[in-house]
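Below: the structure, in structure tokens.
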Amino acid sequence: MSSFDDFDAFEASSLSARAMAARPAPYLDGLNPAQRQAVETMDGPVLMLAGAGTGKTKALTARVVHLLMTGRARPNEILCVTFTNKAAREMKNRISGMLGQTVEGMPWLGTFHSICVKLLRRHAELVGLKSNFTILDSDDQLRLLKQLVQAAGIDDKRWPARQLASIIDDWKNRALTADRVPAADAGAYNHKGVALYKAYQERLRELNATDFGDLLLHMVTIFQTHEDVLDQYQRWFRYILVDEYQDTNVAQYLWLRLLASAHKNVCCVGDDDQSIYGWRGAEVGNILRFEKDFPGAHVVRLEQNYRSTPHILAAASGVIRGNASRLGKELWTEAQEGEKVRLIGHWDGEEEARWIGEEIEAMQSGTRRMRPFSRDEVAILVRASHQMRAFEDRFLNIGMPYRVIGGPRFYERMEIRDAMAYFRLVVSPSDDLAFERIVNTPKRGLGDKAQQTIQTIARANGVSLLDGAALAVEQGAIKGKGAKALGELVVGLARWGRMTGDAAMTHMELAEVILDESGYTAMWKNDKTPEAPGRLENLKELVKALEQFENLQGFLEHVSLVMDNESDEQGAKVSIMTLHAAKGLEFPAVFLPGWEDGLFPSQRSMDESGVKGLEEERRLAYVGITRAEEVCTISFAGNRRVFGQWQSQLPSRFVDELPEEHVEVLTPPGLYGGPGGGAAMGMGSVGSTLHDRAAEANVYNSPGWRRLQERQGQRPISQPRESTSTVIDLQAVSAYTVGERVFHQKFGYGSVEGIEGDKLEIAFEKAGTKKVVARFICAADDVPF
DNA sequence: TAAACGTGGCTTTTT
DNA sequence: GCCACGTTTA
């Protein structure tokens, strides 16, 4: 449980701000004028618009230090909010570094969620909770919702509980309690969404639990309904700082505005061009509206970039210019020119992976133009995680060490969650969700029926499932070996519970005892599947992780908020990750594969969110390019397997948006029409666009292919396209008739079965029936080689 | 109760 | 094409 005395903690704080005020301010020295302004404008609202690589964390930390040094606030009077634990940790470290001592006295520097937990534990009773409430993660949440959906007699095939979960999350992100869900949303989840939301909240209250969304929403509710509480914190938090403001959702926005509305000493840092989390409730509008929300706000733009070369910045700027709703920033740098952004097209996804693998290998020893890059200076950033596979396959094949960043986190792994459910049950025996999770894990012969019996008995007696289980055993309601096993579990849990108070045993030893005596470890030892050893390994790691905590409770509290898993894997490895995961990181050399319409920008994004979705995708492109310090290589493939089906792809519209003068089009080696290969480059005549040149430089270029394109009439590819709809290449399609015999470079010969938009459905002789974009097809008697 | 089989569905992901 | 989930089947 968190301490309730933070308000008095400042006396004992390790920092005495006033004593330091007299000293000089070396932390200001390394700042450029804009950064300095952001630091020194202390009163009133400040919006720090910090482009990629412009030193925003530096400015933010300097601001905190400045507030302390000038005596404007004591360490525990500064509210400093980040989104991730990683960011919070980094800020703490940097502040300590600037101050030359550890920051003990900044209890209110943390993530939105961790700060809200602290606040909510103090005021839980105001929303009907006890201060020791538990925090459910999305897994628990889903299980709970499934039960409710089932109880309501809804066919969860047609209306998956997962969907309900995301609807409720969305409402919570928008700060909507069940009674405030607007009429427009009444139809959600087969018109039962609101009712189930109510039922869910009711159930959470019974369980004395919250989900992640509640942490914020409850605090907003409390601030809105209890003026005295709000007033207390408005006074207490003299200065407020917010990192990544473009990622705030409505609930976080309201929370901040409520806290800041009295003194308005709020400094928000963000970059509207890097808002890439709209799909999970972030509102770019929050940052775009800042000056309206806080009249008289000082807006400071950090535009000097310390990360990338001018070509890379120009390419990124060129792309992001396509977005209409922006605050507008233009990054500049004093860095030397460097390489242009490199663009290359490939035949298919596998070849793209092969080429990138070879390129990385070549880069390690350096080339005529480029310095050598070690593997850990290289990153491959993909739009969707399924793209990673091609690279993993390829890299495994050629023995290129790599690391995938992201993926399932440690605390999300099954065995870890099982183990923690045991711990939870030991610490709080009424944790029904934990009970359900482990009652039959390992197998105890307690199937659905037995579990139902337990449920019934527990409900009839108004007790927890664990107590219900004890009763069931006593009453003989469960028979056979299940009864014996259940009895042992109940007795075991009670025994382990008593052991928590045993001074003779550390909580690590206790954890081991629990896992061993419950039979959980044995379950994995007997498991012959290849994953089992790894899982045992993870369990060992889990026990090791306990070391840093005083007891199991402390550990569980921490884990529920900090799900991250900083793997300290070392060695020179190429990093592979999604664009989302790359935000905030930088690499000397970056590869951006899969720039194809439909994949990136993602079709679904555009279908579901139209222009808004496309703009977010474009920001993602911007984030991707700006991760690169020295070399940025963008690539696309003409064909890709999508859900097992081969599909022809068009290069991404973002490729068209790259300013030509900052891009160099590469030609894959060993393919038709290399540079100087005569005819191949011949088409780059007047009006040649980057896009045309990219297409020319790749594999679909050959004399026959060009003839084909001429026959079809040249498609004005680089004309600005409608942003939301795919342009249909009618000319290309109309060149064919149903029944015609055609040729495709990968699939061979086939006949046209149907025409749909710009795609042809073709029955190939060897490859089966596929839909292919007309431009990759030619008549069988016009085969290009 | 567990293994075998079939169906659908499918971005991004932190707390 | 793959994975997760649910249903059938031994």
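In the text below, chain A, chain B and the rest are named by the order of the sequence lines, each starting its count at 1. Just so we're clear, the structure is a prediction, and the values are computed from it rather than from any experiment.
Between A/Leu579 and A/Arg444, the residue anchored nearer the 5' end of DNA chain B, judged by the nucleotide with its closest heavy atom, is A/Arg444. Both A/Asn440 and A/Glu617 lie close to DNA chain B; mapped to their nearest nucleotides by heavy-atom distance, the more 5′-ward contact belongs to A/Asn440.
There is no side-chain donor-acceptor pair under 3.5 Å between A/Asn286 and A/Tyr245. A side-chain donor-acceptor contact under 3.5 Å links A/His346 and A/Glu351. For A/Gln141 and A/Asp169, the side-chain atoms include at least one donor-acceptor pair closer than 3.5 Å. Judged purely by distance below 3.5 Å, without hydrogens or angles, the side chains of A/Tyr402 and A/Glu392 pair a donor atom with an acceptor atom.
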task: Using a 4.0 Å heavy-atom cut-off, write out nucleotides 1-10 of chain C from 5' to 3' as B (base contacted by protein), S (sugar-phosphate only) or - (no contact).
output: BSS-------
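Between the CD atom of A/Gln274 and the C1' atom of B/dT12 there is a distance of 16 Å, rounded to whole Å. Atom CD1 of A/Ile405 is separated from atom C1' of B/dT14 by 16 Å (rounded to the nearest Å). Spacing between atom CZ of A/Arg280 and atom P of B/dT15 amounts to 8 Å, rounded to whole angstrom units. Note: CG (A/Asp247) to C1' (B/dT12) measures 13 Å, nearest angstrom. Protein atom CZ of A/Phe212 is 8 Å distant from nucleotide atom P of B/dT15, rounded to whole Å. Taking atom CZ of residue A/Phe600 and atom P of nucleotide B/dT12, one finds them 13 Å apart after rounding to whole Å. Whole-Å rounding puts the A/Glu557 CD to B/dT15 P distance at 15 Å. For A/Leu614 and B/dT11, the CG to P distance is 19 Å, given to the nearest whole Å.
Spacing of C1' atoms, B/dT14 relative to C/dC3, comes out at 24 Å, to the nearest Å. Atom P of C/dC5 sits at a distance of 16 Å from the matching atom of B/dT12, rounded to the whole Å.
For B/dT14, the OP1/OP2 oxygens have no side-chain nitrogen or oxygen of A/Asn85 closer than 4.0 Å. Proximity of A/Ser114 to the phosphate of B/dT15: no side-chain N or O atom is located under 4.0 Å from OP1 or OP2. Regarding contacts with the backbone of B/dT14, every side-chain N or O of A/Thr111 stays at 4.0 angstrom or more from both OP1 and OP2.
A/Ser605 comes within 4.0 angstrom of a nucleotide base, judged by non-hydrogen atoms across all strands. A/Ser602 comes within contact range of at least one nucleobase, with a heavy-atom separation under 4.0 Å. Among the atoms of the strands shown, only primed sugar atoms or phosphate atoms (P, OP1, OP2) are found under 4.0 Å from some heavy atom of A/Gly445. Nucleic acid contact class of A/Leu446 (heavy atoms, under 4.0 Å, all strands): sugar-phosphate only.
Rounded to the nearest 0.5 Å, atoms CZ (A/Arg326) and CG (A/Asp273) are 4.0 Å apart.
If you check B/dA2, B/dT15, B/dT11 against the side chain of A/Arg604, the one that comes closest is B/dT11. Distance from the side chain of A/His113 is smallest to B/dT15 among B/dT1, B/dT13, B/dT15.
Taking a cutoff of 4.0 Å between a charged side-chain nitrogen and a carboxylate oxygen, A/Glu283 and A/Arg174 do not qualify as a salt bridge. Using a cut-off of 4.0 Å between Lys/Arg side-chain N and Asp/Glu carboxylate O, A/Glu617 and A/Arg383 are scored as salt-bridged.
Side-chain contact check for A/Leu120 versus A/Val127: some heavy-atom pair is nearer than 4.5 Å.
You cannot call A/Tyr277 stacked on the base of B/dT14; the centres under 5.5 Å and planes under 30° rule is not satisfied.
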